[in-house]
Amino acid sequence: MTNPIYSNETAAREHLEGIRWADAVYCPHCGGFDGIKKLGGAAAAKGLWHCTPCRKKFTVTVGTVFERSHIPLSKWLAAFALMCASKKGVSAHQGHRMLNVTYKTAWFMWHRIREAMKNGGLSNVPPMGGKGQVVEADETYFGNLPEAKLGKFNSKGKLRAPGPKFGPHHKRAIVSLVERGGQVRSFYAGQATVTEVARIVRENVAKESRLHTDESRVYLNVGKEFASHERVNHGQKEYARGDVTTNTIESFFSVFKRGMRGTYQHCDERHMHRYLAEFDFRHNQRSALGVSDSERTVTALKGVSGKRLTYQQAR
């Protein structure tokens, strides 16, 4: 990385200021734009600004995932670039070697970067699909579910019978929705019950959409709420029928699992939603949509504001 923003603190700070304050400098304490001035002297070297209305000082890192971090900003930018340029992710062990920080530090940095990649909780984003558009829905399983969370009932709402402890029943369920040629949204569901899957699909897909799924019964009832519900039968080795297919979402799951098994290898259940946000982000900012590595990194840096994450929260 020969770019000075990865080795020079002043260049790194000015780069982040240009991204966060592209329109105008504002105070992260009171949110005001008026009465903001840059301090001179030694304070200027630290990037300090002063807000006249609230009489508080701040830097570009205040109110972001970087706040109160002792890691040089240039290393933070390098970490963002690494995470955004690697299709299947970069492990914290690799990060601590490349950035010359401790593993514990790299682990915490990686989780804060994933926090910046999150799409704001999905509460403020419009539903996927629309009239004439296709949304694929599918579930996959990764990692073992704790015995205490298996529950008394199976996905069909019937009392669970004792049986061998293997198969999807004992694994963590992930439900993903992808708009054909567009973006993906993934959710950690714990167990892929009819109720939970229906809630996710209902809350995130426009009713005018064509819903494509496999033969799983969890989509039967909720599928009736959409313009059409078309299925492919994987059990009969049917993977496409005309334009009816779930190949797009299967492709996303393939990248996700290769990254989780080959790069990260282990993921605690508490952090699953952050790993999903990371893979969703890279898919939604993929090169097939004309997004370069540098543009993807800038987009991730635009998401650092208002997302504090302490070490106690991340543990």
Open item on the list: If we ignore hydrogens and angles and just use 3.5 Å, is the side chain of N3 paired with the main-chain N or O of Y6 as donor and acceptor?
Closed with: no
- [ ] Give a yes or no on whether the backbone of Y239 and the side-chain of T245 come within a donor-acceptor separation of less than 3.5 Å.
- [x] yes
Open item on the list: Side-chain heavy atoms nearer than 4.5 Å, only ILVMFWY residues, links allowed to pass through others: does that put W21 and L16 together?
Closed with: yes
- [ ] Answer yes or no for R258 and F256: cation-pi contact, defined as NZ/CZ to six-membered ring centre under 6.0 Å and angle to ring axis within 45°.
- [x] no
Open item on the list: Is any side-chain heavy atom of H29 closer than 4.5 Å to one of V62?
Closed with: yes
Task: CA sep, side-chain torsions, deciding dist, call: T102, T105, side-chain hydrogen bond (donor to acceptor under 3.5 Å, both in side chains) - done: CA-CA 5 Å; T102 66; T105 296; 2.8 Å; yes
Open item on the list: Check whether R185 reaches the backbone of L177 with its side chain - one donor and one acceptor, N or O, closer than 3.5 Å.
Closed with: no
Task: Any side-chain heavy-atom pair of I174 and M272 under 4.5 Å - done: yes
TODO: Check step by step if side-chain hydrogen bond (donor to acceptor under 3.5 Å, both in side chains) holds for T246 and D214.
DONE: CA-CA 7 Å; T246 58; D214 57 19; 5.8 Å; no
- [ ] Report the distance from atom SG of C51 to atom OH of Y26, rounding to the nearest 0.5 Å.
- [x] 12.5 Å
Task: Heavy-atom donor-acceptor pair, R241 side chain to E230 backbone, under 3.5 Å - done: no
- [ ] Write down the atom of I113, the atom of A79, and the distance for their closest heavy-atom approach.
- [x] CD1-CB, 3.7 Å
Task: Atom of F281, atom of R296 and distance for their closest heavy-atom approach - done: CZ-O, 3.4 Å
TODO: State the SG-CD distance between C84 and Q285, to the nearest 0.5 angstrom.
DONE: 9.0 Å
Task: Pairing residues for E203 by the salt bridge (charged side-chain N to carboxylate O under 4.0 Å, His left out) criterion, not counting sequence neighbours - done: R199
Open item on the list: Within the 3.5 Å criterion, strictly below it, is a donor on R20 or S305 matched to an acceptor on the partner's side chain?
Closed with: yes
Task: salt bridge (charged side-chain N to carboxylate O under 4.0 Å, His left out) between E115 and R274, worked out - done: CA-CA 7 Å; E115 198 72 16; R274 295 195 180 98; 3.1 Å; yes
Open item on the list: Determine whether a donor-acceptor pair (N or O, by modelled atom type, separation under 3.5 Å) exists between the side chain of K75 and the backbone of L99.
Closed with: yes
- [ ] Take Y264 and E278 through the side-chain hydrogen bond (donor to acceptor under 3.5 Å, both in side chains) test and state the conclusion after the steps.
- [x] CA-CA 12 Å; Y264 296 124; E278 174 191 345; 2.6 Å; yes
TODO: Give a yes/no verdict on a cation-pi contact between R114 and Y275, requiring under 6.0 Å between NZ or CZ and the six-membered ring centre and an angle within 45° of the axis.
DONE: yes
Task: Beyond-backbone contact of R202 with K207, side-chain heavy atoms, under 4.5 angstrom - done: yes
Open item on the list: Membership question, hydrophobic clusters at under 4.5 Å side-chain separation (ILVMFWY): are L73 and W49 in the same one?
Closed with: yes
Open item on the list: To check you understand the geometry: which heavy-atom pair defines the closest contact between V184 and N284, and what is its length?
Closed with: N-OD1, 2.7 Å
- [ ] Please check if atom CG in D268 has more than 12 non-hydrogen atoms from other residues, nucleotides or ligands closer than 6.0 Å.
- [x] yes
Open item on the list: Quick check: do F58 and E67 have side-chain heavy atoms less than 4.5 Å from each other?
Closed with: no
Open item on the list: Using a 3.5 Å distance criterion without hydrogens, assess whether the side chain of E179 forms a donor-acceptor pair with backbone atoms of V135.
Closed with: no
Open item on the list: Applying salt bridge (charged side-chain N to carboxylate O under 4.0 Å, His left out), can you list everything that pairs with E295, at least two apart in sequence or on another chain?
Closed with: none
- [ ] Could you point out which residue of R180, H212, R210 forms a side-chain hydrogen bond (donor to acceptor under 3.5 Å, both in side chains) with D243?
- [x] R210
Open item on the list: For H271 and W107, I'd like to know if the aromatic rings sit close, meaning centre-to-centre distance below 6.0 Å.
Closed with: yes
Open item on the list: Test of understanding: with side chain to side chain donor-acceptor pair (under 3.5 Å), list the residues that count as partners of D138, not counting sequence neighbours.
Closed with: none
TODO: Give a yes or no answer on whether the side chain of R282 reaches the backbone of K87 with a donor-acceptor pair at less than 3.5 Å.
DONE: yes
- [ ] State which residue, out of L276, V178, V175, fulfils the side-chain contact (heavy atoms from CB on, under 4.5 Å) condition with S186.
- [x] L276
Task: V222 reachable from V134 in the ILVMFWY side-chain graph, under 4.5 Å edges - done: no
- [ ] Would you check if C54 and C27 make a side-chain contact, meaning some heavy-atom pair closer than 4.5 Å?
- [x] yes
Open item on the list: Assess the residue pair L82 and M98 against the criterion (side chain to side chain contact (heavy atoms under 4.5 Å, CB included)); give the C-alpha distance rounded to whole Å, side-chain angles, the decisive distance to 0.1 Å, and a yes or no.
Closed with: CA-CA 10 Å; L82 286 172; M98 296 182 71; 3.7 Å; yes
- [ ] Group every Ile, Leu, Val, Met, Phe, Trp and Tyr by side-chain heavy-atom contacts under 4.5 Å, then state whether V298 and V291 land in the same group.
- [x] no
TODO: Inspect the contact between E215 and R231 and indicate whether a charged nitrogen and a carboxylate oxygen are less than 4.0 angstrom apart.
DONE: no
Open item on the list: Once rounded to the nearest 0.5 Å, what's the spacing between atom OG of S176 and atom OH of Y188?
Closed with: 13.5 Å
Open item on the list: Contact between P127 and V205 at the side-chain level, heavy atoms closer than 4.5 Å - yes or no?
Closed with: no
Open item on the list: Listing request: all salt bridge (Lys or Arg N to Asp or Glu O under 4.0 Å) pairs with a residue in residues 34-57, at least two apart in sequence or in separate chains.
Closed with: none
TODO: Mark yes or no for whether H229, through its side chain, and F226, through its backbone, hold a donor-acceptor pair below 3.5 Å.
DONE: no
Task: Contact summary for V218 and E139, nearest pair of heavy atoms - done: CG2-OE1, 4.3 Å
Task: ring pair (Phe, Tyr, Trp, His ring centres under 6.0 Å) involving H283 - partner list, sequence neighbours excluded - done: F252
Open item on the list: Quick check: do V25 and F33 have side-chain heavy atoms less than 4.5 Å from each other?
Closed with: no
Open item on the list: Measuring only between side-chain heavy atoms, which start at C-beta, is H50 closer than 4.5 Å to I36?
Closed with: no
Task: Distance, nearest 0.5 Å, that separates OH of Y103 from CZ of F108 - done: 13.5 Å
Task: Exam field: side chain S74 to backbone A12, donor-acceptor pair closer than 3.5 Å - done: no
Open item on the list: If you compare all heavy atoms of K302 against all heavy atoms of I19, which two are closest, and at what distance to 0.1 Å?
Closed with: CG-CG2, 3.6 Å
Open item on the list: Closer than 3.5 angstrom, by distance alone: can the side chain of S69 be matched with the main-chain N or O of I71 as a donor-acceptor pair?
Closed with: yes
TODO: Only pairs at least two apart or in different chains count here, so list each ring pair (Phe, Tyr, Trp, His ring centres under 6.0 Å) that has a residue in residues 68-90.
DONE: F66-W76, F66-F80
Task: Heavy-atom closest pair, residues G130 and S209 - done: N-OG, 2.9 Å
- [ ] State, without any angle test, whether K257 and T140 hold a side-chain donor-acceptor pair at a distance under 3.5 Å.
- [x] yes
Task: Residues V201, Y219; criterion side chain to side chain contact (heavy atoms under 4.5 Å, CB included); working and verdict - done: CA-CA 9 Å; V201 174; Y219 301 102; 4.2 Å; yes
TODO: State whether a side-chain donor-acceptor pair under 3.5 Å links T64 with T61.
DONE: no
- [ ] Group every Ile, Leu, Val, Met, Phe, Trp and Tyr by side-chain heavy-atom contacts under 4.5 Å, then state whether V232 and F253 land in the same group.
- [x] no
